[in-house]
Amino acid sequence: MDAVNLWIDAHPAIATAIKAFFLAINHPLISLIITFLSIFILWQVVKLFSRFVEQGLLITLKAPLKFSQYLFKFAFKPFGNAVSGLGMKRTEGIQASNSVNYNYQEQMAKLLTRLETIRQEENYILKEISTIVASSK
């Protein structure tokens, strides 16, 4: 018994817990409160564990489906929006293509007008050169 008392004296946290346990045994109201508190904490731990297991199972079950979705998304990407639900919505795709076509047409018009002005300037320079060559003869 001396060894037990020495060990309890060496560990004051355990000694406090033992004293609280003996106090709870001697007072039924405190014992009842500790019992309800223990049941509540144990119930919360069980609920937490069940939620953890549920989330783990859901992730495990969803993983192959998400992987196959990404696989189909990238496998059918060259085919455009043939696979519904994986690419852009149809109206978004049409609006995007319209804006791309408009930008393309606008750029083409600017480039063509620039080419026309360069050609006119080239013709003017050629006329000037031909005038200078004709006058020097």
Visitor: As an exercise, state the distance from CG of L37 to CD1 of I33, rounded to the nearest 0.5 Å.
Guide: 9.0 Å
Visitor: Share the residues that join I34 in a hydrophobic cluster, the rule being Ile, Leu, Val, Met, Phe, Trp or Tyr side chains under 4.5 Å apart at the heavy-atom level.
Guide: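 Members besides I34, by chain and number: L23, I30.
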Visitor: Could you see if V4 belongs to whatever hydrophobic cluster contains F22? Use Ile, Leu, Val, Met, Phe, Trp, Tyr and a side-chain cutoff under 4.5 Å.
Guide: yes
Visitor: Partners of I125 by side chain to side chain contact (heavy atoms under 4.5 Å, CB included), sequence neighbours excluded?
Guide: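 With neighbours one apart ignored, the set is E121, I129.
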Visitor: Taking the hydrophobic residues Ile, Leu, Val, Met, Phe, Trp and Tyr, and joining any pair whose side-chain heavy atoms are under 4.5 Å apart, which ones share a cluster with L126?
Guide: none
Visitor: Quick test of your reading: applying salt bridge (charged side-chain N to carboxylate O under 4.0 Å, His left out), list the pairs with at least one residue in residues 40-62, sequence neighbours left out, ordered by first then second residue.
Guide: none
Visitor: Once side chain to side chain contact (heavy atoms under 4.5 Å, CB included) is applied, do any residues pair with T16, and if so which ones, sequence neighbours excluded?
Guide: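 Applying side chain to side chain contact (heavy atoms under 4.5 Å, CB included) to T16 gives none.
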Visitor: Write out all pairs satisfying side chain to side chain donor-acceptor pair (under 3.5 Å) with one or both partners inside residues 108-118, taking only residues at least two apart or from two chains.
Guide: E116-R119
Visitor: Taking only residues two or more places apart in sequence or in another chain, which ones pass side chain to side chain contact (heavy atoms under 4.5 Å, CB included) with F36?
Guide: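 Result, side chain to side chain contact (heavy atoms under 4.5 Å, CB included) vs F36: L32.
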Visitor: Taking ring-ring contact (aromatic ring centres under 6.0 Å, His included) as the test, write out the residues that go with H11, two or more places apart.
Guide: W7
Visitor: To the nearest 0.5 Å, what is the distance between CD1 (I118) and CG (N123)?
Guide: 12.0 Å
Visitor: What residues form a side chain to side chain contact (heavy atoms under 4.5 Å, CB included) with V53, not counting sequence neighbours?
Guide: F49, L57
Visitor: Enter the distance from I8:CD1 to K19:NZ here, rounded to the nearest 0.5 Å.
Guide: 9.5 Å
